[in-house]
Number of protein chains: 2
Amino acid sequence: MNKKPNLKDVAKVAGVSAITVSRVLSNPDKVSEKLRTKVEQAVHEIGYIRNHAASALASRRSGVIAVIIPSLSNIVFNDVLQGIYSAVKQHHLQVVLGDCHYSPLEEEKLIATLLSQSPEGFILTGTDQTDYARKLLQQSGIPIVQLMELSDCPIDMNIGFSHFNAGVDITNHLLQKGYRKLGFLGARMDTRTQQRLAGFKKAIADFKQPCQSYVVTTTQSSSIRLGGQLLQAVMAESQGQCDAVFCCNDDLALGALFETKRMNLKVPADIAICGFNDLEASALVEPAITSVASPRFEMGQQAVELLMTASGEDKTHKPPIDVGYRIVERAST
Amino acid sequence: MNKKPNLKDVAKVAGVSAITVSRVLSNPDKVSEKLRTKVEQAVHEIGYIRNHAASALASRRSGVIAVIIPSLSNIVFNDVLQGIYSAVKQHHLQVVLGDCHYSPLEEEKLIATLLSQSPEGFILTGTDQTDYARKLLQQSGIPIVQLMELSDCPIDMNIGFSHFNAGVDITNHLLQKGYRKLGFLGARMDTRTQQRLAGFKKAIADFKQPCQSYVVTTTQSSSIRLGGQLLQAVMAESQGQCDAVFCCNDDLALGALFETKRMNLKVPADIAICGFNDLEASALVEPAITSVASPRFEMGQQAVELLMTASGEDKTHKPPIDVGYRIVERAST
DNA sequence: AGTCAAAATGGTTGCGCTATCATTTTATCT
DNA sequence: AGATAAAATGATAGCGCAACCATTTTGACT
């Protein structure tokens, strides 16, 4: 197997110098059209592909941004990722992606690994990074965006919405509808879920009339199946009294809904169900499930844009961006 | 902002030579314990992070594998990705991921971009790469795995299963159950969906008794909502005769099932529904949906393992690996 | 034609690391 | 203790590219 072609090989074929080839690849408009086409032909002919490592080393620009999400299997982060990829494409960047499985320690290791790629920006999910991770990130000097939730003390930039407020609002929605024996079904119990739960408790505590709450949580990862199990659990705990459940996400809500059919409960007459994240299925099941929508795709896109504008050296502290959320009221409540 | 620390800085702090630091990072057991701990402390103290570009350039090993999937939003590829990431972690590799949106041309561009990272292996989805893409891949000399479907002429290695056979089998399943007016609902119509459709047609053509088929397809991307629309379409086309539908994936099948409720059709009495991919929801809806399961996570894992063993220079041609599939019969048929 | 500025092109150097080989230290044996 | 092998450490060079500055070519003007 003959070695991979390099710049010089292309230069030889095109009859120009190596640096000219380099320019054709990175600044085509700095080269005359004649040479440019000659070089481009040579590149295509011998199937030359630039060595990114050498390019990054020499230019001190990696063309890479690093992204860490807590889970690949959660559709929520998938939406964000799609936004990120769509934005990244415009800027001719590459993404290196890590999945930290909701673990700050794994995240710390990933941050170190991904920083070694000399990314030009870093997108993180959430706000619970370890101290050492924060040190590494700050030391790197690159722009950083923390996604999904709002932080009091962001590392750098921050874009998201208040899961606490959303929790309050959706709980109040149930209370306003007349439900008084509210259940909270929670899985995974990451920081965002905890904030939703805190909102749930706050709304109940602030409510002027007597009402009951039942909280059933597990650190297991969320799934549709688990939603059914948690519904069973909350019905057991409330001795069948529970008349509405706030599920910490739509997977649980769907599972709970499917379980009500097996339990012969009418939704929303016997029990109301609401979820979180507004997945497609929630709008299409019968009855459709009330949920909390947020602009995940746009959040991903905007995170990339923030990184790109931030690399312009203005180290002014930017305030967190609240993208908001929207309660989508449907038949299940 | 003081510059990012490099090997020499660590070496100075630890009182050793740069090359020793390098060894601690890549071959810790080649260094005495005394020096090793000293170096490790220095690394942690100054927050040193190795420059991957320089490392890759000097060592000619990038520690990266490239992956291209046709869609980030399709859960199917998500499962594969999870398998890939889980395997990659064991080998201390990084993934660079591209989403080609089911387009061979986009894929070609992505392949060129990702090859510039000097990946040590390449994972592709499907078998319809452009000629130039194949040339680039072959020239790169790295091991390549094509995933998901089986190919007659793989570029290098191949792991997947026969979507044609699966299409035949699931159609025969419907025929055996006594259904005679079969509909096929197809979205996206990528090569794998086309193969499933070909299987559907073959089974019908080979069936010894009279039967009808109605094929409704669209190049729109698949969604639950679309499943409902396609069900409407097939019922219109068959003038209400259609008594079973094979949906090219479970999203469509779920949408079709939800639509039957709105149309007051009983499943499976009035109409049978089967899907493809066996998503979690399919097992939990009422009635549960018959589907075709395949080991996606394992396929992803195995693809990485194949790459790793293949870099061991044995250029013997490996036969495609058939991971098989399984028809999961449920109440909907 | 001659002058000057601007555009186009090329030569040299160094980015930060590791492969390679050379040297020193330590362990193992007679 | 001396000889030898083995392990540990260090010095040097170069990976492939782009930044930087030098040189050449081109075009626009008097």
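In what follows, chains are A, B, ... by sequence order, proteins preceding strands, each numbered from 1.
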Peer 1: Using a cut-off of 4.0 Å between protein heavy atoms and nucleotide atoms, how would you tag nucleotides 19-25 of chain C 5' to 3' with B, S and -?
Peer 2: B------
Peer 1: Relative to the ring of Phe77(B), is the ring of Tyr102(B) parallel (under 30°), tilted (30 to 60°) or perpendicular (over 60°)?
Peer 2: perpendicular
Peer 1: Whole angstroms only, please: what is the CG-C1' distance between Asn6(B) and dG14(C)?
Peer 2: 13 Å
Peer 1: If I take atom CZ in residue Arg36(A) and atom C1' in nucleotide dA8(C), what distance separates them, rounded to the nearest angstrom?
Peer 2: 12 Å
Peer 1: Could you say whether Asp29(B) or Lys8(A) is positioned toward the 5' end of DNA chain D, judged by the nucleotide with the nearest heavy atom to each?
Peer 2: Asp29(B)
Peer 1: More than 12 heavy atoms of other residues, nucleotides or ligands under 6.0 Å from CG of Asn27(A): is that the case?
Peer 2: yes
Peer 1: For Asp131(B), does the CG atom sit with more than 12 other heavy atoms under 6.0 Å from it, leaving out its own atoms?
Peer 2: no
Peer 1: Checking salt bridge (charged side-chain N to carboxylate O under 4.0 Å, His left out) for the pair Asp190(A)/Arg188(A): CA distance, chi angles, key distance, verdict?
Peer 2: CA-CA 6 Å; Asp190(A) 57 280; Arg188(A) 179 66 76 181; 5.5 Å; no
Peer 1: Output the rounded distance in Å from CG (Leu57(B)) to P (dG14(C)).
Peer 2: 16 Å
Peer 1: Can we say Glu106(B) and Lys89(A) salt-bridge, meaning some charged N sits less than 4.0 Å from an Asp/Glu carboxylate O?
Peer 2: yes
Peer 1: Is the shortest side-chain N/O distance from Thr20(A) to OP1 or OP2 of dG10(C) below 4.0 Å?
Peer 2: yes
Peer 1: side-chain contact (heavy atoms from CB on, under 4.5 Å), that's the test. Do Arg36(A) and Arg23(A) meet it? Break it down for me.
Peer 2: CA-CA 9 Å; Arg36(A) 190 179 345 130; Arg23(A) 265 194 283 260; over 6 Å; no
Peer 1: For Lys30(A), look at atom NZ and say whether over 12 heavy atoms of other residues, nucleotides or ligands are found less than 6.0 Å away.
Peer 2: no
Peer 1: Show, in sequence, the C-alpha distance, side-chain angles and deciding distance for Glu107(A) and Gln129(A), and conclude whether the side chain to side chain donor-acceptor pair (under 3.5 Å) test is met.
Peer 2: CA-CA 7 Å; Glu107(A) 190 181 27; Gln129(A) 285 76 33; 3.2 Å; yes
Peer 1: Can you give the first and last nucleotides of DNA chain D, 5' to 3', that have an atom under 4.0 Å from a heavy atom of chain A?
Peer 2: dG16(D) to dA19(D)
